[in-house]
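Structure first, then comments.
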Number of protein chains: 2
Amino acid sequence: MNLLSRHTDYAVRALLYMANRVGERVSSMDIHRDLKLPRPFMRKTLQVLQKEGYLVSVKGHKGGFMLAMPPQKIRLIGLMRIFQGDISLSDCLFRKKLCRCVAVCPLRREIKSMEAVLVDRLSGVSLADLMVR
Amino acid sequence: MNLLSRHTDYAVRALLYMANRVGERVSSMDIHRDLKLPRPFMRKTLQVLQKEGYLVSVKGHKGGFMLAMPPQKIRLIGLMRIFQGDISLSDCLFRKKLCRCVAVCPLRREIKSMEAVLVDRLSGVSLADLMVR
DNA sequence: TCTAATGATACCATTATTGTATCATTTGTA
DNA sequence: TACAAATGATACAATAATGGTATCATTAGA
Ligand code: FES
Ligand code: FES
């Protein structure tokens with residue numbers, strides 16, 4: 001099971017890269033060169049991060065990106081939500097609900113429990129945590 | 001996030017249907033008629049269930065399927081494993097690992113914890129549980 | 001003014017999932 | 001015995017999600 005999409009994956013890597021170069025302007029070219037991520041695709045990732053307020057961008061020659069907030073504030077769950085939508089498991093695991101009334105569903109408590117744990121664990125992870133490796 | 005594939009979904013529905021008709025032979029046509037599942041596709045689902053030992057099949061005229069075990073023994077996690085493979089979150093959430101050495105990864109404990117909860121919760125759910133709705 | 005960068009967007013490719021069709025084989029029944 | 005109704009096996013097709021490329025306009029430093 002794949003919890004992260006490429007966009008999320010690349011976002012973390014790119015942000016991590018920039019977190020290690022605070023103060024510098026980092027271009028998509030830099031990241032591409034050093035991290036070997038497919039440039040045009042990852043460029044879109046960065047643009048989204050900029051729109052979402054995670055990055056500050058400077059256009060033009062010698063332009064590039066910089067973190068818009070400290071690594072402690074960037075949390076994995078936030079990035080996942082941006083690129084993969086809400087990680088809710090919804091009311092029912094099935095495509096069309098199985099039980100007459102969701103309120104009586106014997107699976108509901110399990111579903112909510114799983115959901116809570118996932119969100120909780122992922123919320124606990126910040127970019128800063130990943131820097132200390 | 002979608003935890004169940006169509007095959008798993010259909011498997012549960014079909015098995016549930018049969019669990020309510022113990023002793024009878026249920027054909028794919030019956031299920032199709034009553035549950036409105038796409039027949040050729042769901043037929044494959046049934047064939048897999050047969051191969052995996054969940055169903056006994058009888059070929060020929062008036063043939064069909066029957067549960068090969070009591071509903072208490074059929075667990076959601078088992079069906080998921082068959083149709084969707086292991087639900088392991090693997091060692092690293094990322095496509096290529098982020099950390100020098102997985103052993104030092106700060107995410108590992110979270111990953112394992114999430115995995116354990118998922119498997120645990122899903123293991124707790126049997127077909128019998130879903131019948132009482 | 002040239003060049004190297006981002007912004008925006010349209011398009012393409014790949015893969016996974018979902019679904020259909022077909023034919024061989026089996027078996028109850030008229 | 002022939003027919004019909006079922007599964008077994010398998011190949012094929014459609015769809016959707018994901019991943020990736022290309023292009024052009026705009027911006028700004030040298
Ligand atoms: S409503 Fe979905 S399993 Fe009960
Ligand atoms: S090895 Fe994957 S995040 Fe650490």
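Letters A, B, ... mirror the listed sequences (proteins, then strands); counts begin at 1.
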Nearest-Å distance for atom pair [atom1]/[atom2], residues [X] and [N]:
X	N	atom1	atom2	result
B:His7	C:dG19	NE2	P	9 Å
B:Gln47	C:dA24	CD	P	16 Å
B:Leu3	C:dT17	CG	P	13 Å
B:Gln84	C:dT17	CD	P	8 Å
A:Leu49	C:dT6	CG	P	13 Å
A:Arg95	C:dT17	CZ	P	10 Å
A:Leu46	C:dT6	CG	P	8 Å
B:His61	C:dT27	NE2	P	14 Å

OP1 or OP2 of C:dT20 under 4.0 Å from side-chain N/O of B:Arg43: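 False: B:Arg43 side-chain N/O out of range (4.0 Å or more) of C:dT20 OP1/OP2.
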
B:Arg39 or B:Arg25, whichever maps to the more 5' nucleotide of DNA chain C: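 Result: B:Arg39.
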
More than 12 heavy atoms of other groups within 6.0 Å of [X] [atom1]:
X	atom1	result
A:Arg21	CZ	yes
A:Arg75	CZ	no
B:Lys112	NZ	yes

Check: A:Asp120/A:Ser123 side-chain N/O donor and acceptor closer than 3.5 Å: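 Side-chain D/A pair, A:Asp120 to A:Ser123: absent.
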
Stepwise salt bridge (Lys or Arg N to Asp or Glu O under 4.0 Å) test for A:Arg6 and A:Asp9: CA-CA 5 Å; A:Arg6 279 278 150 86; A:Asp9 188 320; 5.3 Å; no

Sugar-phosphate only, base, or nothing, as touched by B:Phe83 at under 4.0 Å among non-hydrogen atoms: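 It contacts nothing in the nucleic acid.
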
Touch class at under 4.0 angstrom, heavy-atom based, for B:Pro38 against every strand present: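 The residue B:Pro38 makes sugar-phosphate contact but no base contact.
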
NZ on B:Lys96 to CZ on A:Arg13, rounded to 0.5 Å: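 The distance works out to 6.5 Å.
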
Nucleotides bounding contact with chain A, strand DNA chain D, heavy-atom threshold 4.0 Å: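 Result: D:dG19 to D:dG29.
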
From C:dT26, C:dT20, C:dT6, nucleotide with atom closest to B:Lys44 side chain: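 Nearest to the side-chain atoms of B:Lys44, counting from C-beta on, is C:dT20.
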
ILVMFWY network linking A:Leu4 to A:Leu35, side-chain heavy atoms under 4.5 angstrom: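 Yes, A:Leu4 connects to A:Leu35 through the hydrophobic network.
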
Residue closer to the 5' end of DNA chain D, A:Phe41 versus B:Gln50 (nearest nucleotide):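 Residue closer to the 5' terminus by nearest nucleotide: B:Gln50.
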
Nearest-nucleotide comparison on DNA chain D, the residue closer to the 5′ end among A:Lys62 and A:Arg6: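 On the 5' side of the pair lies A:Arg6.
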
